[in-house]
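What follows is one structure encoded as structure tokens, with my remarks underneath.
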Amino acid sequence: MRIATFNINGVKARMETVLGWLDEAAPDVALLQEIKSVDEAFPRGPFEDRGYNVETHGQKGFNGVAILSKLPLEDVVRGLPGDDGDDQARWIEATVVGDRAVRLCCLYLPNGNPAPGPKYDYKLAWMERLAARARDLLAAEEPAIMAGDYNVIPQDEDAARPEAWKDDALARPETRAAFRRIVNLGFTEAFRTRIRGSGHYSFWDYQAGAWNRNDGIRIDHMLLTPQAADLLADARIESEIRGGEKPSDHVPVWITLDA
DNA sequence: ATGTCTATAGGGTATAGA
């Protein structure tokens, strides 16, 4: 089973790019972030025409997540538990059953800038709620993945210019510590099981020719429970698409599971 | 060089968010 996570930066503005990508790369599952669409306006038809089941959790204007799957999606849950007052659409999860059942969690973690401030407080609080959901997933002792745009640069090696991000909400020590607390509960960060070292990014700003200068950061991640990590066959970043027509500022991150 | 892009409101061109 080949699973990709992809922050597409607006589904309606990105249809040609995303459909071309699906036709070429043909993931079994695509976890999408920043659909920037309410559920009723999500253009399901072209995805369904390509054989994908579609589950969305959107809101007006920004944020929004979706799961596309060639296999049926079961037990869909929308919203990260832990704060009934949080109306931002940043979490959707569902189970897909191939050779094995895999719980898929698609997340769009808050950016948190400017930091410090209320947006950063929201980011850290959201990460605490994520940790709680993560503990429950581990307790289930089943294959599960939490994948998406974490808006976290885990280490200096994950940025072309780490000094430029030192005080940013994506790289501050509190952010990195909160991310490590989740990973250290017992998750495997898929990409780093396959590729070590600097120079591997998943986001390049639209501004200042960041792509052409390879001035990127690695902020899109896939965290696997031990039972999912047992099934991990490959992990990679598909960076080439960033140089294509009308690209998102993020690129897809992939895993292959023996499931 | 804070240099770009998307969505919204509203009906031109501003603002927010990233």
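Lettering follows sequence order; numbering is per chain, from 1.
- Remark: P of dC5(B) and CH2 of Trp211(A) are 15 Å apart, rounded to the nearest angstrom.
- Nucleotides dA18(B) and dA1(B) are separated by 26 Å at their P atoms, to the nearest Å.
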Where protein sits on nucleotides 6-18 of chain B, one letter per nucleotide: B base, S sugar-phosphate only, - none, heavy atoms under 4.0 Å: BSSS-------BS
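- Under the rule for a ring-ring contact (aromatic ring centres under 6.0 Å, His included), the partners of Phe42(A) that lie at least two apart in sequence or sit in another chain are Phe47(A).
- Here Tyr52(A) pairs with nothing under the ring-ring contact (aromatic ring centres under 6.0 Å, His included) rule; sequence neighbours left out.
- Between the CH2 atom of Trp204(A) and the P atom of dC5(B) there is a distance of 16 Å, rounded to whole Å.
- If you take atom P in dG10(B) and the same atom in dA16(B), they sit 14 Å apart, rounded to whole Å.
- Note on residues 71-85 of chain A: pairs passing side-chain hydrogen bond (donor to acceptor under 3.5 Å, both in side chains), not counting sequence neighbours, are Glu55(A)-Arg78(A).
- Screening residues 20-32 of chain A for side-chain hydrogen bond (donor to acceptor under 3.5 Å, both in side chains), with sequence neighbours left out, gives Trp21(A)-Glu238(A), Asp23(A)-Arg50(A).
- Salt bridge present: Arg176(A) and Asp156(A) bring a charged side-chain N and a carboxylate O closer than 4.0 Å.
- In this structure, the ring-ring contact (aromatic ring centres under 6.0 Å, His included) partners of Tyr150(A), at least two apart in sequence or on a different chain, are Phe179(A), His221(A).
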